Amino acid sequence: MTQLSTQPYKGTRDFFPADMRFREAMFAVMHKTVQSYGFEQIDAPIIEPIDIYLAKTSEEIVSQQIYSFTDRGERKVAIRPEMTPTVARMVAARFQETPKPIRWYSIPNVWRYEQPGKGRLREHWQLNCDIFGAPSEKLADLELLNLAIDLMRGYGASESHFKLYLSHRGILNGVLGGELKLPQEKWPAVARIMDKRAKIKPEAYAAMLAAEGVGEDKRQELDLFLNEKLDYIKKKSHLEGASYILETMQSLEEIGLSAYVEYDPSVVRGFDYYTGLVFEVFDAHPDNRRSLFGGGRYNNLVGAFGKESTNAVGFGMGDVTLEDFLRTHKLLGDVPRKVDLYIALMSDDFAPHAMNLANTLRGRGLRVEVSLGATKLGKQFQEAEKKAIPRVLILGEDEVKSGVYSVKTLATGEQVKLKATEI
Ligand code: HAM
């Protein structure tokens, strides 16, 4: 028989205890921060009918990255590549009876058939925060931006560690359609080239644009749009989204967040469903300059599930990019094990006493591991030490009879005698 591999499937991770502790510590900040804004947690199946992705997700995800199959009942299904269509489906299912605005979050695992690399895997976990049905879209956008920044601050990050770049889909559409007079079918290709601008040579950039009908005059206008940033939209206030961005920047300043935020016209985001605000949070570290997470407004997705249409805004924050960020900036290190006490046995006969005592201590909130075999005491001490358990209680005949226990602190060697109520 051939030997089976111990490696997980390509582009996925096993989570051994230390990995799991780190992941849970990351998630703990997420739960705490988003709940402090009144968000409620949801979850859903990992498999969905493939249709929910076909209409509005990005072309790249649907044609190249989706894990899909036909089930035994001939249904075409997909493993979720993202959570947004699922959340929209759930909102549509309970729209009437749910008090608005709806603030929901989830931390699903999502799957994409990608070429694995730094910050990019085939399975990742993704915090999703979304707001539906706010009376004011602008206020919902502001709250979400505030939350995105607060999450980062929850990990101890400051404005020197990251930056949130925002834009509005309407501005880019207005520039491409209005100022450059490009037919709409060219917009996605041009947006993709713009996205590559920083990574390719100017000649290559110009040639690629020319191939899409953006000659020199139009390219100069595009450069003004990209380089002049806020000054450009101040001049072109007729563009949809221009005054929105100017007002939003003003409000962010009043909230005290302007140090974290910048308007960046090159922020596009890959999904077809975004309709307004789009944003992307970047690491500011020179070794890790990459997008950490992002999101935007998508007002037409819930309506695709039938009766009600509602405005929506949200973001997705992946655990892989977040972990890189936290480790690069030393904001969250290895998370130690948390067991308070190890009960060592002089004889297996004392195990019932030990388990009884452990139950009492656990009832008082202590974490207690009981030895599962009275090997030599030295060996049991070693076990406690290897597992980083700080204290050992030794259970022998005297202790069982007297109800007074010796508890040793491994780091100092200090030993004290305590009754059960004193431990
Ligand atoms: P997205 O930009 O595709 O947006 O993914 C959001 C985040 O998930 C990324 O910024 C990154 O942190 C992480 N991520 C995505 N793909 C991978 C991957 N292959 N490996 C590791 N991490 C990855 C969305 O998915 C939208 N549905 C977010 C959203 C929620 N928009 C509105 N609400």
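The figures here come from the full heavy-atom set of this structure, side chains too, leaving out hydrogens, waters and symmetry mates. Being a predicted model, the structure only gives us computed values, none of them experimental. Order of listing sets the numbers, starting from 1, for every ligand and every atom in it.
- Residue Tyr298 has no nitrogen or oxygen atom sitting less than 3.5 Å from a nitrogen or oxygen atom of ligand 1, judged on distance alone.
- Residues Tyr298 and Asn311 bring no donor and acceptor atom of their side chains to less than 3.5 Å of each other.
- Between Phe39 and Tyr37, the ring-plane angle classifies as perpendicular under the 30° and 60° cut-offs.
- Below 3.5 Å of separation, one finds an N or O of Glu114 facing an N or O of ligand 1.
- At a 4.0 Å heavy-atom cut-off, ligand 1 touches Arg269 through the side chain alone.
- A donor-acceptor contact under 3.5 angstrom links the side chains of Asn299 and Glu137, judged on distance only.
- Inclusion of Cys129 in the set of residues having an N or O under 3.5 Å from an N or O of ligand 1 is not warranted.
- Comparing Phe279, Phe325, Tyr274 against atom 31 (N) of ligand 1, the shortest heavy-atom distance belongs to Tyr274.
- Summary of contacts: the protein heavy atom closest to atom 16 (N) of ligand 1 is Arg112 NH1, 3.2 Å.
- Under the 30°/60° scheme for interplanar angles, the aromatic rings of His285 and His329 are found to stand perpendicular.
- Judged by the shortest distance from any of its heavy atoms, Glu123 lies outside the 4.0 Å radius around the atoms of ligand 1.
- With a heavy-atom cut-off of 4.0 Å, Gln126 touches ligand 1 through its side chain alone.
- Residues Glu48 and Thr86 bring a donor and an acceptor atom of their side chains to less than 3.5 Å of each other.
- Among Arg80, Met83, His124, Arg290, the residue whose heavy atom lies nearest to atom 15 (C) of ligand 1 is His124.
- Within the 4.5 Å cutoff, side-chain heavy atoms of Arg269 are placed close to those of Val267.
- Rounded to the nearest 0.5 Å, atoms CE (Met208) and CD1 (Ile200) are 4.5 Å apart.
- At a heavy-atom distance under 4.0 Å, only backbone atoms of Phe315 (N, CA, C or O) approach ligand 1.
- Below 3.5 Å of separation, one finds no N or O of Asn128 facing any N or O of ligand 1.
- When heavy-atom distances to ligand 1 are checked against a 4.0 Å cut-off, Asp319 has no atom that comes that close, whether in backbone or side chain.
- Any N or O atom pair closer than 3.5 Å counts here, and Leu121 shares at least one such pair with ligand 1.
- The protein non-hydrogen atom at the shortest distance from atom 24 (C) of ligand 1 is Phe271 CE1, 3.4 Å.
- Taking 4.5 Å as the limit, some side-chain heavy atom of Ser251 sits within range of a side-chain heavy atom of Lys138.
- Residue Tyr273 places a heavy atom less than 4.0 Å from ligand 1.
- Remark: the backbone N or O of Ser266 is paired with a side-chain donor or acceptor of Asp264 at under 3.5 angstrom.
- At least one N/O-N/O distance between Asp130 and ligand 1 falls below 3.5 Å.
- One finds the CE atom of Met83 at 4.0 Å from the OG atom of Ser106 (value rounded to the nearest 0.5 Å).
- For Val320, no nitrogen or oxygen atom sits less than 3.5 Å from a nitrogen or oxygen atom of ligand 1, counting backbone and side chain alike.
- Using a 4.0 Å heavy-atom cutoff, Gly119 is listed among the residues neighbouring ligand 1.
- Classification of the Phe315-Phe293 ring pair by plane angle, with boundaries at 30° and 60°, yields tilted.
- Looking at Gln126 and Asn128, their side chains do bring a donor and an acceptor atom within 3.5 Å of each other.
- Of all protein heavy atoms, the one closest to atom 10 (O) of ligand 1 is Phe293 CA, 3.1 Å.
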